[in-house]
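Just so it is clear, the model here is predicted, and its values are computed rather than measured.
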Amino acid sequence: MTRPQVALIMGSYSDYPKLDSAMAVFKEFGIQYDIRVMSAHRTPDVVADYAKNAEANGIKVIIAAAGGAAHLPGVIAAYTVLPVIGIPIQLLGLGGLDSLLSIAQMPGGIPVATMSSNSGGPENAALYAISILAITDPTLTEMLKTYRRRMADKVIERDSTLQWKLQKEAEEQSRL
């Protein structure tokens with residue numbers, strides 16, 4: 001088994017089901033990942049240790065999902081030069097805006113790529129991590145191109161279905 005190249009870290013175990021789409025993308029692309037629960041506030045030493053040692057452990061990209069104050073991605077980025085991708089997790093009350101702003105407003109010098117706080121965030125984080133890995137992996141580059149072609153084909157197919165349905169409805173209306 002190959003060592004994971006991506007770390008998927010969540011601030012709370014309750015975030016696990018929200019990351020299903022990221023895990024599905026990694027599975028589709030055959031990407032091994034390390035998945036962990038760590039808290040920037042409750043286990044800061046664990047977070048710091050993991051981030052400091054991630055590169056030596058073969059990790060190339062870190063995805064960190066957090067809600068509320070959402071400090072996890074920024075704290076990780078403070079301890080590593082690896083690319084860090086933040087996923088703001090929606091909590092009750094502010095609908096994820098608090099998490100989004102917390103991750104997106106990193107100070108200059110400590111970058112964190114920020115995904116959306118809606119359901120597309122985890123999928124896009126995984127795809128972004130894969131696109132980073134693809135810089136040095138032509139096989140992943142081709143897989144990403146194929147993935148995007150399939151998405152485009154689905155849209156074209158759905159449009160074709162819609163146009164056919166609208167045509168049939170128009171024909172029925174004209175007979176009335």
Side-chain angles (χ1 to χ4, degrees), residues 2-16 18-23 25-26 29 31-141 143-145 147-148:
T2 59
R3 288 181 9 175
Q5 294 182 304
V6 177
L8 184 55
I9 301 172
M10 63 200 92
S12 172
Y13 181 75
S14 63
D15 299 335
Y16 183 71
K18 298 171 185 166
L19 301 177
D20 282 347
S21 61
M23 292 180 281
V25 168
F26 289 139
F29 281 82
I31 301 293
Q32 299 294 320
Y33 59 94
D34 185 28
I35 187 162
R36 302 286 304 271
V37 176
M38 298 178 197
S39 170
H41 303 108
R42 294 179 294 270
T43 61
D45 294 335
V46 174
V47 172
D49 184 59
Y50 188 91
K52 288 177 186 177
N53 293 298
E55 188 175 4
N57 289 327
I59 300 296
K60 293 187 172 56
V61 182
I62 299 173
I63 299 173
H71 291 138
L72 183 63
V75 169
I76 290 170
Y79 287 105
T80 185
V81 295
L82 294 173
V84 176
I85 304 167
I87 303 173
I89 298 295
Q90 291 185 8
L91 300 178
L92 297 176
L94 297 176
L97 182 59
D98 50 345
S99 308
L100 176 67
L101 293 174
S102 180
I103 296 171
Q105 297 298 323
M106 289 298 297
I110 308 295
V112 172
T114 308
M115 297 297 122
S116 66
S117 61
N118 65 24
S119 61
E123 177 184 5
N124 283 341
L127 289 167
Y128 193 62
I130 292 167
S131 70
I132 292 169
L133 296 175
I135 292 169
T136 58
D137 186 335
T139 301
L140 282 179
T141 300
M143 290 176 77
L144 279 168
K145 289 177 182 178
Y147 184 89
R148 288 195 177 187

>> Keeping R36 on the side-chain end and L8 on the backbone end, is there a donor-acceptor pair under 3.5 Å?
In response: no
>> Once rounded to the nearest 0.5 Å, what's the spacing between atom CZ of R148 and atom CE of M143?
In response: 14.0 Å
> Taking C-beta and beyond as the side chain, do Q5 and F26 meet within less than 4.5 Å on heavy atoms?
Replying inline: no
> Could you give the distance from OG1 (T114) to CG (N124), rounded to the nearest 0.5 Å?
Replying inline: 12.5 Å
> Can you name the closest pair of heavy atoms from A40 and P44 and give their distance?
Replying inline: O-CB, 3.4 Å
> Do you know the tightest heavy-atom contact between F29 and L127?
Replying inline: CE1-CD2, 4.0 Å
> Nearest heavy-atom pair of S21 and S119: which atoms, and what distance?
Replying inline: OG-O, 4.1 Å
N/O donor to acceptor pairs below 3.5 angstrom from side-chain atoms of residues 72-97, sequence neighbours left out:
from	atom 1	to	atom 2	distance (Å)
T80	OG1	L82	N	3.1
Q90	NE2	S117	O	2.8

> Is Y128 close to V61 at the side-chain level, that is, under 4.5 Å between some pair of heavy atoms?
Replying inline: no
>> Just to verify, what does N118 make a side chain to side chain donor-acceptor pair (under 3.5 Å) with, not counting sequence neighbours?
In response: S116
>> Distance check, rounded to the nearest 0.5 Å: Y147 atom OH versus L140 atom CG?
In response: 13.5 Å
> Does any non-hydrogen side-chain atom of I9 lie less than 4.5 Å from one of I62?
Replying inline: yes
> Which residues satisfy the side chain to side chain donor-acceptor pair (under 3.5 Å) test with S14, sequence neighbours excluded?
Replying inline: S12
> For S39 and G11, which heavy atoms make the closest approach, and how far apart are they?
Replying inline: CB-O, 4.0 Å
> Any idea which heavy atoms bring M38 and V47 closest together, and the distance?
Replying inline: CB-CG2, 3.6 Å
>> List the residues meeting salt bridge (Lys or Arg N to Asp or Glu O under 4.0 Å) with K52, not counting sequence neighbours, and say none if there are none.
In response: none
>> Do Y16 and I35 make a side-chain contact, defined as non-hydrogen atoms from C-beta onward lying under 4.5 Å apart?
In response: yes
> What distance separates D15 CG from K18 NZ, expressed to the nearest 0.5 Å?
Replying inline: 5.0 Å
> What pairs with N53 under side chain to side chain donor-acceptor pair (under 3.5 Å), at least two apart in sequence or on another chain?
Replying inline: D49
>> Nearest 0.5 angstrom please: Q105 CD to L100 CG, how far?
In response: 8.5 Å
> Distance-only, no hydrogens or angles: does the S102 side chain make a donor-acceptor pair with backbone N or O of S99 under 3.5 Å?
Replying inline: no
> Do L133 and K60 have side-chain heavy atoms sitting under 4.5 Å apart?
Replying inline: yes
> So, do P122 and D20 sit near enough that their side-chain heavy atoms are less than 4.5 Å apart?
Replying inline: no
>> Tell me every residue that passes side chain to side chain donor-acceptor pair (under 3.5 Å) with D34, counting only those two or more places apart in sequence or in another chain.
In response: Y50
>> Contact between Q32 and R3 at the side-chain level, heavy atoms closer than 4.5 Å - yes or no?
In response: no
